Amino acid sequence: MAIKAIVAGAAGRMGRTIINLIFQNKDIDLVGAFEHPEHPSVGKDVGEVVGLPKTGIIIENALEKVIEKGEVIIDFTFHKASLEHARINAKYKKAMVIGTTGFKKEELAEIYELAQKHFPLVQAYNMSLGVNLLYKLVEITAKTLGEDYDIEIVEAHHRMKKDAPSGTALKLAEVIAKTLGRSEKEFKFCREGIIGERTSKEIGIQTVRGGDIVGEHTVLFAGMGERVELIHRASSRETFARGAIRAALWVVGKNPGVYDMQDVLGLK
Ligand code: NAD
């Protein structure tokens, strides 16, 4: 039997891509979709909004209008909205996949606490298979090259992206910090003016924004006489949407708790 899915932010870039893929996948059915109450797509047929024939599913203006129909909520919206959806879902206990980025620490902590008590959640700042492999490769490289190499992360995204640095860049920095026993205090987000010599412990995180770049992450290990660069380039949002659907199929029926893409992809 196909899994019944609800898509939050149905008219957004990710929402539309996910809905298109759901209609191509026999293991998952769209049973509900909703948007921000002021979004012009509210009240329209989902198909009309995502470039498909009419589906008979109308975009509603709130999660509560559709939540009872579904088994899993797929949410790529906005940090405050995803937190609100998790709060609502604490009562309904549906599985959740949250791909939203830009959370404040306390917001994500509250989502995790709700999930641990009430529902299974897959949360990941990047749902692509390649980036989840990159986390592993970065861990191995940091372990191997260790303290003698300066580590810098450069991320690039389209001009519409609202948060910076990307959640993926932060996750990459966390993987490196954990591997080398460093703390977040060593993250260096910007450099300007007479900044003095680089410390060997800092982990640089730099942001580029422009055009329609879907998402690029480079992790640079610069030593004396050589450097190693690990690069991931997403060329289409489909890679994230495919990951989200894989996560949705995996998370239904799991015990309450917080899972990530490493769990979904069996990379742990
Ligand atoms: P977008 O702005 O195109 O879409 C977001 C949609 O959410 C909009 O249509 C907006 O109206 C809607 N929304 C906002 N508040 C809402 C609410 N309260 N209820 C319902 N809908 C609401 O952005 P996007 O490019 O689709 O990205 C969305 C989020 O996903 C961002 O945080 C982005 O960084 C993240 N993202 C994550 C991954 C990943 O793999 N985890 C990949 C791409 C994007």
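Counting starts at 1 for both ligands and their atoms, following the listed order. Quick caveat, the model's predicted, so the values are computed rather than measured. Numbering of residues begins at 1 and proceeds along the displayed sequence.
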What about [X]: any of its N or O atoms under 3.5 Å from an N or O on ligand 1?
X	value
Pro37	no
Ala81	no
Phe240	no
His158	no
Phe34	no
Glu35	yes

**Prompt:** Between the side chains of His85 and Asp75, does any donor sit under 3.5 Å from an acceptor?
**Reply:**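 Asp75 and His85 do have a side-chain donor-acceptor pair below 3.5 Å.
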Self-check item: Tyr149 versus Glu226, side-chain donor and acceptor atoms under 3.5 Å
Solution: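 Distance-only check passes for Glu226 and Tyr149.
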Practice prompt. Determine, for Glu110 against Lys104, whether the closest basic-nitrogen to carboxylate-oxygen distance falls under 4.0 angstrom.
Written response: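 Here Glu110 does not pair with Lys104 in a salt bridge, since their nearest N and O are not under 4.0 Å apart.
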Does Glu186 pair with Lys201 as a salt bridge, N-O distance under 4.0 Å?
->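 Not counted as a salt bridge, because no side-chain N and carboxylate O are separated by less than 4.0 Å.
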Tell me the contacting part of [X] for ligand 1: side chain, backbone, both, or neither, using a 4.0 Å heavy-atom threshold, strictly below.
X	value
His39	side chain
Ser166	neither
His85	side chain

Pick, from Asn132, Thr100, Ile98, Thr77, the option with the minimum heavy-atom distance to atom 7 (O) of ligand 1.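 Going through Asn132, Thr100, Ile98, Thr77 one by one, Thr77 has the nearest heavy atom to atom 7 (O) of ligand 1.
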Which is closest to atom 34 (O) of ligand 1 in terms of heavy atoms, Asn61, Val7, Thr101?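 Among Asn61, Val7, Thr101, the closest heavy atom to atom 34 (O) of ligand 1 comes from Thr101.
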Tell me which one of Glu107, Lys105, Glu106 satisfies side chain to side chain contact (heavy atoms under 4.5 Å, CB included) with Phe103.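 Looking at Glu107, Lys105, Glu106, the match for Phe103 under the side chain to side chain contact (heavy atoms under 4.5 Å, CB included) is Glu107.
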Worksheet entry | Side-chain donor/acceptor of Asn89 to backbone N/O of Met96, under 3.5 Å |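 No, the answer is negative, given that no donor and acceptor are paired below the 3.5 Å cut-off.
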**Prompt:** Hey, are the side chains of Tyr112 and Gln123 touching, using non-hydrogen atoms and a 4.5 Å cut-off?
**Reply:**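 A side-chain contact exists here, since the closest heavy-atom pair is under 4.5 Å.
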*asked:* Could you identify the single nearest non-hydrogen protein atom to atom 22 (C) of ligand 1 and state the distance to 0.1 Å?
replied: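 Ranked first by proximity to atom 22 (C) of ligand 1 is His36 N, 3.6 Å.
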Below 3.5 Å, can you tabulate the donor-acceptor pairs from side chains in residues 40-63 to any protein atom, sequence neighbours excluded?
residue	atom	partner	partner atom	Å
Ser41	OG	His39	ND1	2.9
Asp45	OD1	Gly47	N	2.8
Asp45	OD1	Thr55	N	2.8
Asp45	OD1	Thr55	OG1	3.0
Asp45	OD2	Thr55	N	3.2
Asp45	OD2	Gly56	N	2.8
Thr55	OG1	Ile57	N	3.1
Asn61	OD1	Lys65	NZ	2.7

For Tyr135, does the six-membered ring have the charged nitrogen or CZ of Lys171 within the cation-pi criterion, i.e. under 6.0 angstrom from the centroid and within 45° of the normal?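 Verdict for Tyr135: a cation-pi partner in Lys171.
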Item to complete: Under 4.0 Å from a heavy atom of Gly99: give me the atoms of ligand 1 that qualify, with their elements.
Response: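 The list of qualifying atoms is 30 (O), 35 (C), 36 (N), 37 (C), 38 (C), 39 (C), 41 (N).
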